[in-house]
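Each chain gets a letter, A, B and so on, in the order its sequence line appears, and its residues count up from 1. Computed from a prediction, not measured in an experiment: that's the story for all the values here.
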2 protein chains.
Amino acid sequence: MDNPELQPIPDTTEQKIFEAAHEVFTQKGMDGAKMQEIADRAGINKALLHYYYRSKEKLYEMVARAIINKAMPAIRQVIESDLPLEEKIRRFIGTYIDIISQNPYIPLFIISEINKHPERFFDAILPATLPKPEVFFRQVEAEVAAGKIRNIKPQHLIVNIVSMCAFPFIGKPMMRILLGMGTGEMRIFLEERKYEVTTFVLASLRPE
Amino acid sequence: MDNPELQPIPDTTEQKIFEAAHEVFTQKGMDGAKMQEIADRAGINKALLHYYYRSKEKLYEMVARAIINKAMPAIRQVIESDLPLEEKIRRFIGTYIDIISQNPYIPLFIISEINKHPERFFDAILPATLPKPEVFFRQVEAEVAAGKIRNIKPQHLIVNIVSMCAFPFIGKPMMRILLGMGTGEMRIFLEERKYEVTTFVLASLRPE
DNA sequence: ATTTAGTTTAACCGTTTGGTAAAATTTCGG
DNA sequence: CCGAAATTTTACCAAACGGTTAAACTAAAT
C-alpha cells in the first residue's frame, strides 16, 4: 500500500537528505562533510536538513547506525550458527566479502568512527547485535583436540580471516598501485579472493 | 656539535610545531585537525605556524611525507632482498609488525589520505620508494614450480600477509571489544601475532 | 649603545561553518 | 473555497576557521 516496490525508492525529502548524507559522510567523514554539500546533493535547501534532522551530529548518528545495522546481523548470523567448522569458515568468508563488495565503504567508515569517537560508537551507535564468537572458539578448540586441524589459537584464526577479507577493500587504491593493476583487474582480483582466502585458510588448518 | 644526543630532542619552535602537527594530524586527519589546536599543543602562538610552515596544507604535506618515509624503506628493503622465500616471509612479517607496533597510526593515516586525495598522495607525497614486489612474485612462482610450496597466486599471498599484519592494528578497538579483551591483553595478543601470522602463512604454504 | 636580523605576539580580516527565525509556499481536510 | 498544518525558502547570526599584518620583543654584530 505504501510502496509497491521491494526496495524503497528515494522519494520524500527526508529520504533524499538521508541518501545524500550517507554519500557525503561515508566519503568524507564527519569532519570533512559539510551540511551545504549534503543539501546540494539532495537538491534541497540547507535549512531542511535541520527541519528533518535536528543537527549534523544527529544526522551523522542516523547514517552511522544504518551502516552498522546493515553489516552486523549477517556476520553475526553466520558466526553464531551451529554449522560444522569448515562450512562455517566457507560461509563466513563468502558473506563477509559479499557484504563488503556491495558496500566497500563500510569497514573504513566503522574503523574511522571508532578511532575518533570510541565512546559514542560503543555507547550510542552500536546496538546489542555484536557477534559473540565464543561458539566459534569452542568449535576450533574441539577440532584441534580431535586432531582434525592443526593447533591454532582461535582468536588469531578469526582475526586472520577478518583481516584478509576486509583489508584489501580498505587499502584498495594502495594495493592497486603496489600490484600494478588497473581498476578492472583489481575488481577481478577482489572477486577471486572469496575463493583464495577460503583456500588459504583451510590449507593452513591442515593437521601436521 | 649540533646535538650530542642520538635522537633529536624537540627543542626549536619549528620542531615543536612539527611534533604537535604530527600528533593532531594522525589522530584527527586533515579535516579534523585545527591550526589552533596544533598551536596550543606546541605551546606557541598560532601565527608561528604560518611563519615556519606557510599553510595548513604545507604543514600536512611535511607530516605526511615524514610518515611515508619512515614506513616504506624498511618494507622495501626486505621485499626486494634476495633472501630465500621462507626467510623473506619471516622477516617481512617481523619488520612489518614491528614498524606498526611502534607507530600504530601509520596504516590508517596512509589509507585515509589515499582515500580522500589519491592524486596528491601518489604525485606529491609518495616518493619513488614504492616497493617493487616482482622479485617476490618470481620467487613464489619458482617454489611452486619446484613443488616446495603448494600452488598459490603470489599476489594473493602478499595481500594476505599484509592484511594480517596491518588490519589488527587498524581495527584494534573493534577487535578488542569483539574478543572481549582488556587493553593489556590486547597488547600481548598483538605481540603474539608476529609468531602466529608467520606460522599461519607457512602452514598454509605446505605442499599438498 | 645602536643597528639589524630573526622571532614572537596580539589584533584583526574575510570566509565558511552549523544553526535559527520568520516569512512564503504547498498540502489537504472541512 | 477556506484555513490550519506541514513544508520550503529567504535571510540572517554568532562562532570558528585559516590566514595576514604590523608591532613588540630578543639576541647577536658593529
Side-chain angles (χ1 to χ4, degrees), chain A residues 1-3 8-66 109 112-113 116-117 120 124-125, chain B residues 1-3 8-66 109 112-113 116-117 120 124-125:
Chain A
M1 187 173 281
D2 285 323
N3 192 333
I9 296 169
D11 211 5
T12 73
T13 302
E14 198 173 350
Q15 284 172 328
K16 284 195 291 185
I17 292 174
F18 187 85
E19 272 210 347
H22 192 283
E23 281 181 34
V24 177
F25 278 133
T26 49
Q27 285 169 18
K28 312 203 168 179
M30 169 65 165
D31 296 319
K34 308 297 165 190
M35 296 295 266
Q36 187 59 59
E37 187 184 348
I38 295 175
D40 291 344
R41 286 213 209 183
I44 51 97
N45 191 284
K46 195 191 68 167
L48 280 176
L49 300 184
H50 298 91
Y51 179 77
Y52 286 102
Y53 307 84
R54 293 166 45 113
S55 67
K56 187 183 183 184
E57 285 214 4
K58 294 277 180 196
L59 181 52
Y60 182 76
E61 198 178 303
M62 292 283 180
V63 171
R65 223 186 288 264
F109 179 83
S112 301
E113 166 66 18
K116 280 171 192 162
H117 308 285
R120 177 171 67 186
I125 295 173
Chain B
M1 189 173 281
D2 284 322
N3 192 331
I9 297 167
D11 210 5
T12 73
T13 302
E14 198 172 349
Q15 284 171 328
K16 284 196 291 187
I17 292 174
F18 186 86
E19 271 209 348
H22 192 283
E23 281 182 34
V24 178
F25 278 133
T26 49
Q27 286 171 17
K28 313 204 166 175
M30 171 64 166
D31 296 320
K34 308 298 167 190
M35 295 295 265
Q36 187 60 59
E37 187 184 348
I38 295 174
D40 290 344
R41 286 213 207 182
I44 51 99
N45 190 283
K46 195 190 66 166
L48 281 176
L49 301 183
H50 299 91
Y51 179 77
Y52 287 103
Y53 307 84
R54 291 166 46 113
S55 66
K56 187 184 183 183
E57 285 213 3
K58 293 279 178 193
L59 181 53
Y60 181 75
E61 199 178 302
M62 291 283 179
V63 172
R65 223 187 288 265
F109 179 84
S112 301
E113 166 68 17
K116 280 171 192 162
H117 308 285
R120 177 171 67 186
I125 294 172

Inset, instruction - Please round to 10 degrees the angle between the axis of the first five pairs and the axis of the last five pairs in the helix from C:dA1-D:dT30 to C:dG30-D:dC1. - result: 10°
Legend entry - Nucleotide D:dC17, atom C1' - distance to CD of B:Glu57 in whole Å: 14 Å
Legend entry - Between OH on residue A:Tyr51 and OG1 on residue A:Thr13, distance to nearest 0.5 Å: 10.0 Å
Pairwise N/O distances under 3.5 Å, protein to nucleotides 24-29 of chain C:
none

Inset, instruction - Starting from P on C:dT8, measure out to CD on B:Glu14 and report it in whole angstrom. - result: 10 Å
Inset, instruction - Using atom types as modelled and distance alone, determine if a side-chain donor or acceptor of B:Gln15 lies under 3.5 Å from a backbone N or O of B:Asp11. - result: yes
Legend entry - Whole angstrom value for the distance that separates C1' of D:dG18 from NZ of B:Lys34: 10 Å
Legend entry - Listed once per pair and sorted, the ring pair (Phe, Tyr, Trp, His ring centres under 6.0 Å) pairs that draw on residues 21-45 of chain B, sequence neighbours left out: B:His22-B:Tyr105, B:Phe25-B:Tyr60
Legend entry - Residues in salt bridge (charged side-chain N to carboxylate O under 4.0 Å, His left out) contact with B:Glu14, at least two apart in sequence or another chain: none
Inset, instruction - Verify, without hydrogens or angle tests, whether B:Thr26 (side chain) and B:Glu23 (backbone) share a donor-acceptor contact under 3.5 angstrom. - result: yes
Legend entry - Shortest non-hydrogen contact from A:Val24 toward A:Lys34: CG1-N, 4.4 Å
Inset, instruction - Ignoring backbone atoms, test whether B:Thr13 places a side-chain nitrogen or oxygen under 4.0 Å from the OP1 or OP2 oxygen of C:dT7. - result: no
Legend entry - side chain to side chain donor-acceptor pair (under 3.5 Å) involving B:Asp40 - partner list, sequence neighbours excluded: B:Gln36
Legend entry - Close side-chain approach of B:Met30 and B:Glu113, heavy atoms under 4.5 Å: no
Legend entry - Any side-chain heavy-atom pair of B:Ile17 and B:Thr12 under 4.5 Å: no
Inset, instruction - With sequence neighbours left out, write down each residue that passes side chain to side chain donor-acceptor pair (under 3.5 Å) with B:Glu57, or none if nothing qualifies. - result: none
Legend entry - For A:Ile38 against A:Ala20, the heavy-atom pair lying closest together: O-CB, 3.5 Å
Legend entry - Nearest-angstrom distance from the residue atom NZ of B:Lys56 to C1' of C:dT15: 14 Å
Inset, instruction - Just jot down the side chain to side chain contact (heavy atoms under 4.5 Å, CB included) partners of A:Asp31, sequence neighbours excluded, or say none. - result: A:Lys116, B:Asp31
Inset, instruction - Would you jot down, in residue-number order, the residues of residues 38-54 of chain B having a non-hydrogen atom under 4.0 Å from DNA chain C? - result: B:Asn45, B:Ala47, B:Leu48, B:Tyr51, B:Tyr52
Legend entry - Residue-level proximity of residues 21-29 of chain B to DNA chain C when a heavy atom falls under 4.0 Å: none
Legend entry - Nucleic acid footprint by protein, nucleotides 23-28 of chain D - heavy-atom cut-off 4.0 Å, B for base, S for sugar-phosphate alone: ------
Inset, instruction - Could you list the residues that satisfy side chain to side chain contact (heavy atoms under 4.5 Å, CB included) with B:His50, not counting sequence neighbours? - result: B:Met35
Inset, instruction - Please list, chain by chain and in numerical order, all residues satisfying side chain to side chain donor-acceptor pair (under 3.5 Å) with B:Lys28, sequence neighbours excluded. - result: B:Glu37
Inset, instruction - Side-chain contact test, heavy atoms from C-beta onward, threshold under 4.5 Å: evaluate it for B:Phe18 versus B:Tyr52 and give yes or no. - result: no
